[in-house]
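When reading the values below, keep in mind they use all heavy atoms of this one structure, side chains included, and skip hydrogens, waters and symmetry mates. Just so you know, these numbers come straight off a predicted model, no measurement behind them.
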Amino acid sequence: MTEKRQFRAIKGTRDILPPDSALWNWFERTAREVFETYGFRDIRLPVFEETALFARSIGADTDVVSKEMYTFEDREQFRVAHPLSVVDVILIDEAVAEAWQHGRIPRTPANEAEVLRLHEACRNIEREGIPAVLRFLDSVRNLALGDSLTLRPEATASVARAYIEHGMHTLPGNVKLYYVGPMFRRERPQKGRYRQFYQVGAEVLGQSDAPGIDAEILEMLVVLFDRVGLAKTTLFVNSIGCRECRPKYVELLRQELLKVKDHLGTDSQRRIETNPLRVLDSKLPEEQPVIEKLPRIADHLCGACRQHFAELKDELELRGIAYQENWRLVRGLDYYTRTTFEVTAEGLGSQNAVCGGGRYDGLVELLGGPPTKGIGFAIGTDRAILSLQEGPNQPKLPGLAVFIAWMGTKAYPTAVAIARKLRACGLAVEIPPEETKFKKALGLADKLGARYALIIGEDEVASGTYTLKRLADAEQKKLNESDLLEYLESERRGSGA
RNA sequence: GUGAGCGUAGCUCAGCUGGUAGAGCAUCGGUCUGUGGCACCGAGGGUCGUGGGUUCAAAUCCCAUCGCUCACCCCA
C-alpha cells in the first residue's frame, strides 16, 4: 500500500501554472530585451554560495543573514550505513581517526570534542554494548564535515564575487550585467512575499561612479515598467551618503531620536539602537509628526556626495524621468552608499515595492576585490506580476494558433505533415492523436482558445484543398497547401505571435 | 519569532441555533455519426484538513494539531 498523504509545495513556494507562466515568461523576456538595448548582458549564477559571502556583503547583523537564510552543510563524507558488526564500528573509527589526522575533518572545537567522544564510545563497545554504538553513531553524525552553504537571498553578492573571480575589472568600460532567477529567504509568507521568490536585476561595475550611470539605470527601469504596462508606478530616490558622511549623520540622528524617544512606539525605540535609519521608515501615524522634524540626510551629506546627488537629479531632469525625492528612503542592506531608489506599484498589499536598488561603491573591495564602484537594482518578479494582474493593462499573449480537426485514416498522414509544416513556421498547432469527430474537435479547439481550425477530411485530401475556419467569426475558406502556409504565416506576423 | 482570519467536490461557495452533504462553474457523455460558442438532459467526483472529546446522533459544539491567508518584525 502506498502512503495516502499528498505531497504539497512547501511553505512559501508555489507552482506557476499556465496561463500565468506565459505572463511570467513574457515579463522576463521583455526585461531581457530592454536591458540588452542598454548594453547589459546576461550572467548566470549559481543559486547557492558560501555562507560567508552573504554574511560579509549583506551584513552579519541584518535579519536576512542572522535568521532568514537557507543555510546547510555540504556534507560529503561519513554518510555511513549502519554498522552491522563491531568490526564495522572499528573500521569507521579508524577512518575517522585518519581523516582527522589529515585535516579532512575541519578542525573546529566542536568537531574535536566529537572525535574524542567517538573514540571513547568505540573503546567502550565491548563493555557497554548497544548504548555505546548509539553514542558512536551520534557522534559520527554530528561531525561537521562540509562547508557551510546558503541558498542565495539576493544576487548582488554573487555578481560581485563573479566579477572578482573572473577578473572582470580588466574588461573594457563598465561591466553591465543582468540576471534572472529565483532567490530564497526563510520569512513568513504574505502577499507578494515568498520563500522562493524571483528577481530580475542588473548591475554596473567599474571604475566610474558618474551620476550618469545611476540615471541611465533608472531610465532603463522606467522604460521597462512603461513597456510592460505596469500601472501607477512611482520612482523614489534618495542619497544615503558614503562611509564619510553617513556614520556622522546616523549618530546625529540617534542623538535626536533619543531626545524624542518618549513619543515613539516600542519598535522605533528599539531601532534607535539597532538601526536608527529604519525609524524613518515607520508607518505609524502617531510617529509621523516627530519624524518630520528629524534631521534629514540631504542636509548632512559631505561635499562629494551632495554634488553627486545634485548631478543625479540634473541627469534625471535631462532624461525627462519623473521621480520623487524621498529623504526617508533608506536601505536595509549594509553595502549601500549614496544613491538609493525604490519603485512602488499598486495592488500589492503592504509589500508595495516592486524594485529596490542603489549604489554600493565599497562592496567589491569588501569582498577582496580591487577598488570598484557599483550600482544595481533588483525587481521582485512576483510583485511585478501581481501588480500587472491587478492593474488595467493586461497584455494579450498569443495562444494556440491552429487546431487540426481530421477524420479518416486517409486524412491522418496529411494532417500530420501539415501540422509539422505549420509548426516549422512558428505556429502553435494542436492535432488530436486519435480520430475525433469534427463536432468534438471544433469544441475542443474552441475551449483551447485556438484562433483557427483546420479541417481535413476525406474530401480535402482528395481535392488537395483544406478548409480553414476562423473560430472568432466562423468564416471559412478553402486553400491549397501553399496558400494555407502563406496565409497563416502572414496572420502570425500580424498578430505578433 | 508575534498576532488575526479561514480550511466542505478540480474552482468559487451554501449548509441558521447538532439529525450522518448541496449549488454554480469546470470535466465527461447524450440530444447532434463533416463543423465550436447557445440550450436541454445525464454522469463521475467529497472518510466536510487531521486526531480526539461531548452527544442516541457532529460538517455544525469543545480541545488539540496541521495547513492556507493577511498583517507585524524585517525587507525586494
Discussion item. For a quick test of reading the model: is some side-chain N or O of K437(A) closer than 4.0 Å to OP1 or OP2 of rG29(B)?
Written reply: no

Item to complete: Select one nucleotide: of rG34(B), rC75(B), rC68(B), the one nearest the side-chain heavy atoms of M407(A).
Response: rG34(B)

Worksheet item: Is any side-chain N or O of Q190(A) closer than 4.0 Å to OP1 or OP2 of rU69(B)?
Response: no

Worksheet item: Where the side chain of F197(A) is concerned, which of rU27(B), rC75(B), rA76(B) is the nearest nucleotide?
Response: rA76(B)

Discussion item. Only Watson-Crick and G-U wobble pairs with both distances less than 3.5 Å should count. Give RNA chain B in dot-bracket notation, marking inter-strand partners with |.
Written reply: (((((((..((((.....[..)))).(((((.......))))).....(((((..]....))))))))))))....

Discussion item. Quick check on rC75(B): is either OP1 or OP2 less than 4.0 Å from any side-chain nitrogen or oxygen of R278(A)?
Written reply: yes

Fill in: Any R271(A) side-chain N or O less than 4.0 Å from OP1/OP2 of rC73(B)
yes

Discussion item. For rG36(B) and K440(A) - does any side-chain N or O of the residue sit under 4.0 Å from the phosphate oxygens OP1/OP2?
Written reply: no

Discussion item. So if I take every side-chain heavy atom of K439(A) and compare against rG67(B), rC75(B), rC32(B), which nucleotide ends up nearest?
Written reply: rC32(B)

Discussion item. Base, sugar-phosphate or nothing for K67(A)? Non-hydrogen atoms, less than 4.0 Å.
Written reply: nothing

Fill in: Closest listed nucleotide, where the reference is the side chain of R188(A) and the choices are rC74(B), rA71(B), rC68(B)
rA71(B)

Worksheet, complete the sentence: Across all chains, not counting sequence neighbours, the side chain to side chain contact (heavy atoms under 4.5 Å, CB included) partners of R296(A) are E292(A), D299(A), W327(A)

Worksheet item: From rG36(B), rA76(B), rC68(B), pick the nucleotide closest to the side chain of Q199(A)?
Response: rA76(B)

Fill in: Between rA14(B) and rG49(B) - P atom distance, rounded Å
13 Å

Worksheet, complete the sentence: Per atom distances to the L442(A) side chain, the nearest of rU35(B), rC75(B), rC70(B) is rU35(B)

